[in-house]
Amino acid sequence: MDSEDDLHYSTDDDCDFYSGDMDMGMAYYSDEDDPEAEDFVDDDNDDYFESRRREQNFTILNEFDIRQRQEDDITRISSVLSISRVASIVLLRHFNWSVTKVHDEWFADETRVRKLVGLLEEPVVHASNAREHTCGICFESHPASRIKSAACGHPFCASCWEGYISTSINDGPGCLMLRCPVPSCGAVVGEDMVNSLASNEDREKYARYLLRSYVEDNKKTKWCPAPGCEHAVLFDAGNGNYDVSCFCSYGFCWNCTEEAHRPVDCATVEKWILKNSAESENMNWILANSKPCPKCKRPIEKNQGCMHMTCTPPCKFEFCWLCLGAWSDHGERTGGFYACNRYEVAKQDGAYDEAEKRREMARNSLERYTHYYERWASNQTSRQKALADLNQMQNVHIEKLSDIHCTPESQLKFISEAWLQIIECRRVLKWTYAYGYYLPEQEHAKRQFFEYLQGEAESGLERLHQCAEKELLQFLNAEGPSKEFNDFRTKLAGLTSVTRNYFENLVRALENGLSDVNSHGVSSGTSSKSTAGSSSKAGRSGRAKGGIIRTSGSTRSDDNATHWSCEHCTYVNARSATICEMCHQRH
């Protein structure tokens, strides 16, 4: 693609990216004549968050929930298969707590399953009626009352059993599948025998292992990876969304257990995290900003001064920074301390072309990585600050606003919802930089479109953030109720809705690989007319630092457009209007 004019963005009114299907959704806060408008705003947001809760494909479980579900599964197996509770635990534990798998395997071949898990129907060794028995471990004689055995019948004294069980429990969760001490015997040692012989401390450990195994061995459940969190997540795959949000407010990806990272896939996240922690960028920095000592080959950085370099002890070799020759061969005749005639001559002959090319490539690679990493990290920092601001808002400011403006706290939740949206948008925006880093350089059309969408996302999020943070201050510092507070409520709720809609569209577009842009740089579905060109020009109206494209406001400019978007509040106005109905700014 030779120029940015080759890139066309879709201007179809029915699929506008920024507002999506928001023409109907935004009408609720544009009707100034409706006295119920502000109530309708809250109802709409309530419906949205309620629908999002219904769409969740995961369930957060606390310890009581886990224990209850575990007991239900044990009871179900015991009832259907007509076996003991202990045997049900052994079966479920072996088949990773899958009730369906237990049913299928058991009814397919009960004998094979019993042998597999160690549930013997008949003892291997039949007990005699002797008053004393010899323990198979310590080989001492003990009264019959002190001899214990599993289903296999192998006799061992209680003391040896206690030591065997205690050692197994202290070794870890493997004690849940404990077998008879006889090496050739596969009889299982059940929970009942453990509880009758183990100490109180060991019994508690065993019970904890059993509870944790329900989560760790079950393919549908995982522990929340947040430090100190003891909640588990039951996941029901279905809609392709792996993002999970725990009660502790930590969001993570079910598939890779890294922090939630939509719209970036798990493979990209793995590469990005590895790159951030690897030594490759350190080597790039060394290559781009240093040269090796000609004698000892240690890398040396020149940050100021003349071309006369002296290596650190014990080398102490003196050389010229430009040509890397011994300084004893330099002087006034070679250009003095700040130039090197030998270097210039050799450079013209191409002697340093390969080294300079490698250094330039390393410098460009380092600058590109730094650009994306700094913005990735910056959005992470902003997100952390937004989390702190939300916490302060919920614990301090909401109550203060309620008192100042005589408004119930339940009617101020639109502020918390705005901050929650800011936090989510910061997370999405953060990962768009990892997406952009791995977007192939040769796909110019997709890169241009991506930067346009990213720039619009930043612009919209900044408007929402400014409204929720700075514009709220005047109402927090007010001495009494303000008539403008209702206007602020309407504006903030509207910006929250618009920003949420845009970021959802952005996530879908990136997850689809920007499929709307084909190899010729034309957005699919766009007609061959030149009407889309105006959108392309709008996308080039300004380029922020780092190549992020920003637009001047309105995203529709074709002849058939029936609306225009306010550049101050993003409200969609009728084309005939000259003043924004929301913020009263002139078009």
Side-chain angles (χ1 to χ4, degrees), residues 67 70-71 73-75 77-79 81-98 101-102 105-106 109-217:
R67 200 178 300 278
Q70 186 181 46
E71 288 297 327
D73 288 348
I74 294 171
T75 303
I77 291 296
S78 179
S79 175
L81 304 187
S82 298
I83 57 178
S84 66
R85 181 181 185 278
V86 173
S88 300
I89 293 174
V90 172
L91 284 171
L92 284 167
R93 176 70 179 76
H94 185 273
F95 290 105
N96 297 325
W97 297 96
S98 173
K101 185 71 172 177
V102 171
E105 296 293 332
W106 183 269
D109 192 342
E110 178 183 340
T111 303
R112 183 186 66 82
V113 172
R114 281 184 174 274
K115 184 177 180 181
L116 183 65
V117 301
L119 293 175
L120 306 184
E121 292 186 275
E122 295 292 335
V124 177
V125 178
H126 295 278
S128 65
N129 295 325
R131 300 179 62 179
E132 290 188 350
H133 296 273
T134 301
C135 172
I137 294 177
C138 65
F139 298 105
E140 295 183 0
S141 296
H142 297 273
S145 60
R146 289 285 299 167
I147 295 296
K148 308 292 180 182
S149 63
C152 58
H154 289 116
F156 302 101
C157 69
S159 298
C160 290
W161 269 115
E162 290 170 3
Y164 177 64
I165 291 174
S166 177
T167 300
S168 299
I169 291 175
N170 289 321
D171 283 345
C175 63
L176 297 176
M177 297 302 290
L178 195 60
R179 300 299 176 104
C180 172
V182 175
S184 60
C185 181
V188 71
V189 178
E191 182 188 28
D192 54 344
M193 193 168 187
V194 171
N195 289 338
S196 66
L197 294 170
S199 63
N200 291 335
E201 181 182 355
D202 287 342
R203 280 200 296 268
E204 290 179 3
K205 286 183 180 180
Y206 187 89
R208 175 59 57 180
Y209 288 145
L210 186 64
L211 182 69
R212 292 189 66 87
S213 74
Y214 186 77
V215 175
E216 294 166 3
D217 297 336

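Treat the numbers as computed from the prediction; the structure is a model and nothing was measured.
For Glu71, the salt bridge (charged side-chain N to carboxylate O under 4.0 Å, His left out) partners two or more places apart in sequence, or in a different chain, are Arg85. For Lys101, the side-chain contact (heavy atoms from CB on, under 4.5 Å) partners two or more places apart in sequence, or in a different chain, are Phe95, Ser98, Glu105. Every residue meeting the side-chain contact (heavy atoms from CB on, under 4.5 Å) condition with His133, not counting sequence neighbours, appears here in chain and number order: Ser128, Ala130, Ala144, Ile147. For the side-chain hydrogen bond (donor to acceptor under 3.5 Å, both in side chains) test, no residue two or more places apart in sequence or in another chain qualifies with Glu204. For the side-chain hydrogen bond (donor to acceptor under 3.5 Å, both in side chains) test, no residue two or more places apart in sequence or in another chain qualifies with Thr134. With sequence neighbours excluded, the residues that form a side-chain contact (heavy atoms from CB on, under 4.5 Å) with Ser78 are Ser88. Ala198 meets the side-chain contact (heavy atoms from CB on, under 4.5 Å) test with Ile165, Ile169, Val194, Asp202, Arg203; sequence neighbours excluded. Under the salt bridge (charged side-chain N to carboxylate O under 4.0 Å, His left out) criterion, Glu216 pairs with Arg212, sequence neighbours left out. Listed by chain and number, the residues in a side-chain hydrogen bond (donor to acceptor under 3.5 Å, both in side chains) with Lys205 are Asn170 (sequence neighbours excluded). Considering only residues two or more places apart in sequence or on other chains, Tyr214 meets the ring-ring contact (aromatic ring centres under 6.0 Å, His included) condition with Trp97.
Residue pairs satisfying the side chain to side chain donor-acceptor pair (under 3.5 Å) criterion with at least one member in residues 149-160, sequence neighbours excluded, are listed as follows: Arg146-Ser159. Within the structure, salt bridge (Lys or Arg N to Asp or Glu O under 4.0 Å) contacts touching residues 166-189 (residues at least two apart or in different chains) do not occur.
A distance of 5.5 Å separates CD of Glu132 from OG of Ser141, quoted to the nearest 0.5 Å. If you take SG on Cys135 and NZ on Lys148, they are separated by 13.0 Å, rounding to the nearest 0.5 Å. Atoms OG and CD, on Ser196 and Glu191 in that order, are 10.5 Å from each other to the nearest 0.5 Å. The distance from atom CG of Leu178 to atom OG1 of Thr167, rounded to the nearest 0.5 Å, is 10.0 Å. To the nearest 0.5 Å, the span separating SG on Cys160 from CZ on Phe139 amounts to 9.5 Å. The CD1 atom of Ile89 sits 11.5 Å away from the CG atom of Asp73 when rounded to the nearest 0.5 Å.
Closest of all the heavy-atom pairs between Cys180 and Phe156 is SG-CE1, 4.1 Å. Contact detail for Asp217 and Asn96: the closest heavy-atom pair is O-CB, 3.1 Å. Summarising the geometry of Tyr206 relative to Gly190, their closest heavy-atom pair is OH-C, 4.4 Å, with the distance given to 0.1 Å. When every heavy atom of Pro173 is checked against every heavy atom of Arg93, the shortest pair comes out as O-NH2, 4.1 Å.
Here the side chains of Cys152 and Val182 are not in contact, with every heavy-atom distance at 4.5 Å or above. Contact of the Gln70 side chain with the Leu210 side chain is registered, since non-hydrogen atoms from C-beta on lie closer than 4.5 Å. Under the 4.5 Å side-chain criterion, counting only non-hydrogen atoms from C-beta, Arg114 is in contact with Ile83. By the 4.5 Å heavy-atom criterion applied to side chains, Val86 and Val188 are not counted as neighbours.
No side-chain donor-acceptor contact under 3.5 Å links Ser166 to the backbone of Gly163. Of the possible donor and acceptor atoms, none in the side chain of Trp161 sits under 3.5 Å from a partner among the backbone N and O of Leu197.
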